[in-house]
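Shown next, in structure tokens, is the structure this report addresses.
Along the sequence shown, residues carry numbers from 1.
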Amino acid sequence: MPDKQKKHQHRHILGGIYAAFIYSIFYLPVAVMIVFSFNDAQRNYYWKGFTTDWYVRLFSFKNMDLWNALVYSIIIALIVTVISVVIGVLGGIGLYRFNFVAKKFINLMIYVPIIVPEIVLAVAMLIIFITIGLQLGMGTIIIGHCTFCIPYAVVTIKGRISGDNQSLEEASMDLGANRLQTFWRVTVPSIMPGIVSSAFLSFTLSIDDVVMSNMLAGARQSTLPVLILSMNRTGISPDVNALTTVMILFMVLGLLIVNFIQKKKRQKDLLLLEETEKEILAASQKAVAMD
């Protein structure tokens with residue numbers, strides 16, 4: 001075996017080991033949490049034995065505070081996701097394609113909520129809401145989550161837009177479509193991967209948030225992360241681990257479904273392209289034969 005090939009093989013093996021080490025650091029806490037969701041102990045300080053009682057307890061709805069907090073968090077996350085994606089699409093297209101006063105300033109300021117510590121944003125918004133007399137609750141949490149989800153959505157969607165999209169839009173309008181039809185049938189499908197990515201990111205950031213939710217939540221209801229944070233003082237019961245395990249499974253299943261749909265769409269586009277090329281080739285051969 002040549003020396004270059006041996007070096008390449010060694011680098012490939014070392015790269016695989018390094019990647020496995022990094023991913024093990026990332027996912028080891030998740031794996032421990034999943035394992036301890038089957039722990040036969042009231043507190044997850046040590047392993048006592050295997051049981052599925054915590055999943056039975058979870059789906060028998062004995063801990064309604066946990067389910068209420070989950071539903072509350074999902075409602076907030078869905079509303080924030082819709083708002084962030086809509087503003088992200090409009091903002092991303094506007095900042096990418098149009099020139100207007102203060103465009104550079106807005107492009108710079110869009111990164112401020114991303115780089116500024118979240119505790120600073122939370123305290124600032126809490127002061128504003130108290131000053132104007134706005135009651136803390138779901139509305140204030142949604143506003144707070146939108147402040148850091150919208151910039152991520154704008155940046156993600158703006159990065160997905162390319163010059164090819166504008167050429168397709170011009171071709172669509174040349175063929176008789178108006179701006180609204182072009183937007184729905186050309187622009188949105190072309191940036192759909194960015195829209196899906198920003199939606200997943202906004203939903204994850206919202207449902208995972210602790211600092212903003214803890215600062216802006218009302219006294220009646222709290223989100224799931226805030227509830228788990230309050231449980232941490234006395235010890236988190238394994239039914240919380242069971243719930244988070246189920247949430248992870250649903251997230252992974254959602255990603256697999258989205259990837260499957262995108263793969264099928266790519267295959268369909270390739271088949272359509274091949275059929276179009278065959279039709280063009282057949283038409284050109286027929287034209288040559290007629291000549």
Side-chain angles (χ1 to χ4, degrees), residues 23-45 47 50-85 118 137-138 141-142 144-146 148-149 152-153 156 195-218 220-262:
Y23 281 114
S24 64
I25 294 175
F26 288 158
Y27 294 111
L28 183 60
V30 178
V32 170
M33 181 201 66
I34 294 173
V35 170
F36 271 81
S37 68
F38 297 98
N39 186 20
D40 188 14
Q42 289 290 333
R43 294 291 179 260
N44 280 330
Y45 300 128
W47 178 262
F50 181 85
T51 183
T52 57
D53 291 344
W54 300 111
Y55 288 91
V56 175
R57 172 183 167 83
L58 176 67
F59 289 105
S60 61
F61 301 98
K62 292 183 179 180
N63 191 349
M64 286 306 299
D65 291 338
L66 204 60
W67 283 105
N68 291 334
L70 175 63
V71 173
Y72 190 67
S73 299
I74 291 176
I75 292 173
I76 291 174
L78 290 175
I79 296 173
V80 170
T81 300
V82 172
I83 295 173
S84 300
V85 169
E118 189 179 351
M138 180 183 287
I141 295 176
I142 291 173
H145 287 191
C146 285
F148 58 80
C149 287
Y152 281 103
T156 302
I195 293 175
V196 173
S197 299
S198 64
F200 268 104
L201 183 61
S202 299
F203 184 85
T204 304
L205 289 172
S206 177
I207 204 169
D208 182 59
D209 180 72
V210 177
V211 177
M212 190 76 73
S213 300
N214 192 28
M215 296 289 289
L216 303 180
R220 296 181 179 179
Q221 186 72 22
S222 63
T223 61
L224 182 63
V226 175
L227 179 64
I228 294 175
L229 180 65
S230 64
M231 289 180 178
N232 192 40
R233 299 169 184 172
T234 57
I236 298 175
S237 60
D239 57 346
V240 176
N241 292 344
L243 178 61
T244 51
T245 300
V246 173
M247 291 174 63
I248 291 172
L249 292 177
F250 270 102
M251 289 287 187
V252 173
L253 181 62
L255 288 173
L256 292 175
I257 291 173
V258 170
N259 288 333
F260 177 78
I261 293 173
Q262 290 180 348

Measure across Ser198 and Ala153 and return the closest heavy-atom pair with its distance rounded to 0.1 Å. CB-CA, 3.8 Å
Between Thr244 and Asn241 (side chain of the first, backbone of the second, donor and acceptor by atom type, cut-off under 3.5 Å), is there such a pair? yes
Hey, can you pull the donor-acceptor pairs under 3.5 Å for the side chains in residues 64-77, sequence neighbours left out?
unit_1 : atom_1 : unit_2 : atom_2 : d
Trp67  : NE1    : Leu58  : O      : 2.8
Asn68  : ND2    : Met64  : O      : 3.1
Tyr72  : OH     : Met138 : N      : 3.2
Ser73  : OG     : Ala69  : O      : 2.9
Ser73  : OG     : Leu224 : N      : 2.7

Does Phe260 CZ have over 12 foreign heavy atoms under 6.0 Å away? no
Here the pair of heavy atoms bringing Asp239 nearest to Asn63 is OD2-ND2, 3.2 Å
Just to verify, what does Ser230 make a side chain to side chain donor-acceptor pair (under 3.5 Å) with, not counting sequence neighbours? none
Side chain Ser206, main chain Phe203, donor-acceptor under 3.5 Å: no
For Tyr55, enumerate each residue passing the ring pair (Phe, Tyr, Trp, His ring centres under 6.0 Å) test, keeping only those at least two apart in sequence or located in another chain. Phe38
Side chain to side chain contact (heavy atoms under 4.5 Å, CB included) involving Val258 - partner list, sequence neighbours excluded: Val196, Phe200, Gln262
Can you tell me how far CD1 of Ile142 sits from SG of Cys149, rounded to the nearest 0.5 angstrom? 11.5 Å
Measuring from Ile257:CD1 to Leu253:CG, what's the distance to the nearest 0.5 Å? 4.0 Å
Correct closest heavy-atom pair for Ile141 and Thr223 would be CD1-CG2, 4.3 Å
Please report, to 0.1 Å, the donor-acceptor pairs under 3.5 Å made by any side chain of residues 25-36, with sequence neighbours excluded.
none

For Ser213, enumerate each residue passing the side chain to side chain donor-acceptor pair (under 3.5 Å) test, keeping only those at least two apart in sequence or located in another chain. His145, Asp209
Answer yes or no: does atom CZ of Phe61 have more than 12 heavy-atom neighbours from other residues, nucleotides or ligands under 6.0 Å? yes
